[in-house]
Amino acid sequence: MADQKKVEAITAIDVDFTQWYTDVVLKAELIDYFSVKGCMILRPYGYAIWENIQKGLDGMFKATGHENVAMPLFIPESLLQKEKDHVAGFAPEVAWVTQGGSETLTERLCVRPTSETLFCDHYSRVIQSWRDLPKLYNQWVSVVRWEKTTRPFLRTTEFYWQEGHTAHATAEEAKLETRRMLDVYADFFRDFLAIPVVKGLKTENEKFAGAVDTYTIEAMMHDGKALQSATSHYFGDGFARAFDIQYSDRNNQQQYVHQTSWGLSTRSIGAIIMVHGDDSGLVLPPRVAPVQVVIIPIAAHKPGVLEKAQQIQSQLGASFRVKLDSSDKMPGWKFSEYEMKGVPLRLELGPRDLQQNQCVAVRRDNGEKIVLSLDNLTADVQSLLDQVHDGLYRKAQNSLDSRIRSAVGMADFADLIQNKPGFVKAMWCGDGACEQKIKDETGATARCIPFEQETIADTCVCCGRPAQKMVIWGKAY
RNA sequence: CGAGGUGUAGCGCAGUUGGCUAGCGCGCCUGCUUUGGGAGCAGGAUGUCGGGGGUUCAAGUCCCUUCACCUCGACCA
């Protein structure tokens, strides 16, 4: 009976993963659809996750010396067009404003799809001396990319993100920054989202428009597909030359700056959903969960129950994000509801517990029930939340490790991609033609050239010529 | 952008060859009783039938048009 109802609420995860995803984002009240294609309304519960992501990441940015700024929403067409690779990459998905009030604009304005050009324009004016460097800026904004196929969080027309943009005196310093921020993202995924990632370099075909190098963290979803979860770009002095960003060095010589940019978006919420979720719905990693602990009173009308629950809420509230649900819904209804919404830890408190000075804790990640004494509750809850985080990470790590397989020839490769959800490690000659052929024949793309290289074979999986690099391949969102 | 599908109450749906005041379940509101895995009884509220146009004595139903969403593909740096 209970199972029946659950099945009605959320499609089973392994029956139809796509439908499961749609059910979860709606039923967990993360978003509401909007009347403009690809635009989503972030509801309080969904936005709270984003706020916690912002809080965690922003702290890491500040700790590495970055400052927040806010750039304009509009980019004049002439500004966008200064760097030709960049504009060519983004032109197909740019939204344009051509009218202001009742007047046609003399120059149309692009709604920012990313802000490299805005930062560059600004940097060209505020950087004069080596003393002005480095500039370590970041902004938390939304951007617009006119997408043809959209899905909540994974690919939306407008999405929220942060974009860091830095300018440095030397190429070496900029390269270090690029890698440093990639590490920040990977650490954030591990320590806050409990998601393991593969770090690596994007191929020429896959890199960002205008970048010299693009680094990425790739995560594996429940269905074995890859999600590009954050990227960090090294620009060399390409943008600096296009926008004339020069400084006087210590010898009074004019030099171009070397730049980076790096971003992480609301897509990361899609990663949380698709890595940790299960048949009961969302499973949230404790450190970004809007509600870390939900207290469910049992028989709340019985003397002392509600009072004790409130007391516990107040006590735990000093250390955690706690919700007490004292509504008159049935306890079973509440259990299902907060499981669907992914709350990491549930505390049940009923008359029987009161007598024994205890409560019952239930972990969302594995369903384990633990009886806790009320005497040491704060420490025990902290410990359990940490255990949930670790449990989620370990499970995701196992899932990732067990689904990365090796292929030496195209037949193996195609068979793995088609029949075994996950990533495939294979050697590559470095030729974009092989990369394209692999994509055409198997649907898999080069996710990245991982930092941790192995030699699986001496020859390219596609053409048989000498191999240059081991590449991680996979189908991607 | 191509193929297919779907739009009727907050959600899920029914609505016959066009015919009277557009229904059902869940949810929602009020009251009482309940409470350790989605409670029970009683009473109650809620509709631009996605939008626009047309045919007709009469349109949720037929025609044209338009918009959105979903699935698959193409595209997507």
Side-chain angles (χ1 to χ4, degrees), chain A residues 1-11 16-19 21-23 25-27 29 31-40 83 85-94 113-114 116 145-152 154-157 201-216 228 231 233 261 263 280-281 295-302 305-306 309 325-341 346-356 358-362 367 369 371 432 435-436 439-440 443 445-448 476-477:
Chain A
M1 187 69 157
D3 286 346
Q4 192 103 28
K5 286 226 172 183
K6 236 181 256 183
V7 169
E8 281 173 26
I10 301 177
T11 306
D16 183 345
F17 187 63
T18 309
Q19 189 59 50
Y21 182 84
T22 306
D23 289 347
V25 297
L26 292 174
K27 299 270 165 50
E29 299 182 350
I31 64 135
D32 185 25
Y33 283 103
F34 184 61
S35 56
V36 174
K37 177 186 165 72
C39 293
M40 59 180 178
E83 213 288 338
D85 289 340
H86 184 67
V87 68
F90 279 99
E93 45 185 4
V94 159
T114 179
E116 273 72 12
R145 296 179 186 177
W146 216 255
E147 302 283 356
K148 289 174 178 172
T149 303
T150 59
R151 300 198 57 202
L154 303 177
R155 176 164 280 112
T156 49
T157 301
L201 178 70
K202 283 288 184 187
T203 62
E204 286 297 304
N205 283 332
E206 297 282 336
K207 76 181 189 186
F208 180 81
V212 173
D213 288 318
T214 290
Y215 298 94
T216 179
Q228 176 179 304
T231 48
H233 315 288
S261 80
S280 299
I295 303 168
I296 311 288
I298 310 295
H301 61 291
K302 296 269 174 71
V305 173
L306 198 53
D325 188 342
S326 55
S327 70
D328 58 5
K329 293 268 187 358
M330 299 299 286
W333 190 93
K334 294 176 187 175
F335 296 166
S336 299
E337 181 70 10
Y338 294 105
E339 279 166 14
M340 192 162 70
K341 298 185 89 168
R346 172 174 88 232
L347 296 184
E348 303 173 18
L349 183 80
R352 294 207 293 272
D353 299 311
L354 277 188
Q355 292 175 352
Q356 299 171 65
Q358 65 178 38
C359 67
V360 177
V362 182
K369 292 195 177 186
V371 175
E435 192 182 352
Q436 187 62 45
K439 185 180 177 183
D440 292 343
T445 50
R447 299 321 308 153
C448 70
Y477 278 97

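Per chain, numbering begins at 1; letters A, B, ... match sequence-line order. The structure displayed is predicted, hence computed values, not measured ones. Values below: every heavy atom of this structure, side chains too, minus hydrogens, waters and symmetry copies.
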* Which part of the nucleic acid, if any, lies within reach of A/Gly38 when heavy atoms closer than 4.0 Å are counted: base, sugar-phosphate only, or nothing? -> sugar-phosphate

* Asked: Got a sec, which residues hit salt bridge (charged side-chain N to carboxylate O under 4.0 Å, His left out) with A/Glu29, two or more places apart in sequence or on another chain?
  -> A/Lys341

* Under the ring pair (Phe, Tyr, Trp, His ring centres under 6.0 Å) rule, collect the residues that match up with A/Tyr215, sequence neighbours excluded. => A/Phe451

* Asked: Across all strands shown, which nucleotide pairs with B/rC26 by Watson-Crick or G-U wobble geometry, both distances under 3.5 Å?
  -> B/rG10

* Would you kindly compare A/Glu204 and A/Thr22 by the position of their nearest RNA chain B nucleotide and give the one closer to the 5′ end? => A/Thr22

* Got a sec, which residues hit salt bridge (charged side-chain N to carboxylate O under 4.0 Å, His left out) with A/Glu147, two or more places apart in sequence or on another chain? -> A/Arg155

* To do: Starting at atom NE2 of A/His86, determine the distance to atom P of B/rC76, rounded to an integer number of angstrom.
  => 17 Å

* Asked: Could you give the distance from CD1 (A/Ile296) to CD (A/Glu337), rounded to the nearest 0.5 Å?
  -> 9.5 Å

* **Paired nucleotide for B/rU56 [Watson-Crick or G-U wobble; both distances under 3.5 Å]** => none

* Asked: Atom CG of A/Asn205 and atom P of B/rC76: how far apart are they, to the nearest Å?
  -> 11 Å

* Structure fact -> Residues at least two apart in sequence or cross-chain that pass side-chain contact (heavy atoms from CB on, under 4.5 Å) with A/Pro351, listed by chain then number, are A/Ala299, A/Lys302, A/Val305

* Report the residues that fulfil salt bridge (charged side-chain N to carboxylate O under 4.0 Å, His left out) with A/Asp325, sequence neighbours left out, ordered by chain and then residue number. => A/Lys334

What N/O pairs connect the protein and nucleotides 45-47 of chain B at under 3.5 Å? Give each pair on its own line.
none

All N/O contacts under 3.5 Å from nucleotides 1-11 of chain B to the protein, with atom names and distances to one decimal?
none

* Using the C1' atoms only, state how far B/rC63 lies from B/rG18, rounded to an integer number of Å. => 13 Å

* **Set of residues satisfying side chain to side chain donor-acceptor pair (under 3.5 Å) with respect to A/His86, sequence neighbours excluded** => none

Just the table, please: protein N/O against nucleotides 32-36 of chain B N/O, every pair under 3.5 Å.
from, atom 1, to, atom 2, distance (Å)
B/rU35, O2', A/Ala299, N, 2.8
B/rU35, O4, A/His301, ND1, 2.7
B/rG36, N7, A/Arg352, NH1, 3.3
B/rG36, N7, A/Arg352, NH2, 3.4
B/rG36, O6, A/Arg352, N, 3.2
B/rG36, O6, A/Asp353, N, 3.3
B/rG36, O6, A/Asp353, OD2, 3.1
B/rG36, N1, A/Asp353, OD2, 2.5
B/rG36, N2, A/Glu348, OE1, 2.8
B/rG36, N3, A/Glu348, OE1, 3.4

* Asked: Which is true for A/Gln19 with a 4.0 Å heavy-atom rule: it touches a base, it touches only sugar-phosphate, or it touches nothing?
  -> nothing

* **Contacts of type side chain to side chain donor-acceptor pair (under 3.5 Å), residue A/Gln228, not counting sequence neighbours** => A/Lys202

* Asked: Counting only distance, no hydrogens or angles, is the base of B/rC76 paired donor-acceptor with the side chain of A/Arg155 under 3.5 Å?
  -> yes

* Please determine, for the side chain of A/Thr18, which listed nucleotide (B/rC72, B/rG37, B/rC76) has the closest atom? => B/rC72

* Asked: What do you reckon, is CD of A/Glu204 surrounded by more than 12 foreign heavy atoms closer than 6.0 Å?
  -> no

* Does any nucleotide pair with B/rA3 by Watson-Crick or G-U wobble geometry, both distances under 3.5 Å, and what is it? -> B/rU71

* To do: Under the side chain to side chain donor-acceptor pair (under 3.5 Å) rule, collect the residues that match up with A/Arg346, sequence neighbours excluded.
  => A/Glu339, A/Glu348

* Using the test side chain to side chain donor-acceptor pair (under 3.5 Å), find all partners of A/Gln436 that sit at least two apart in sequence or belong to another chain. => A/Asp440

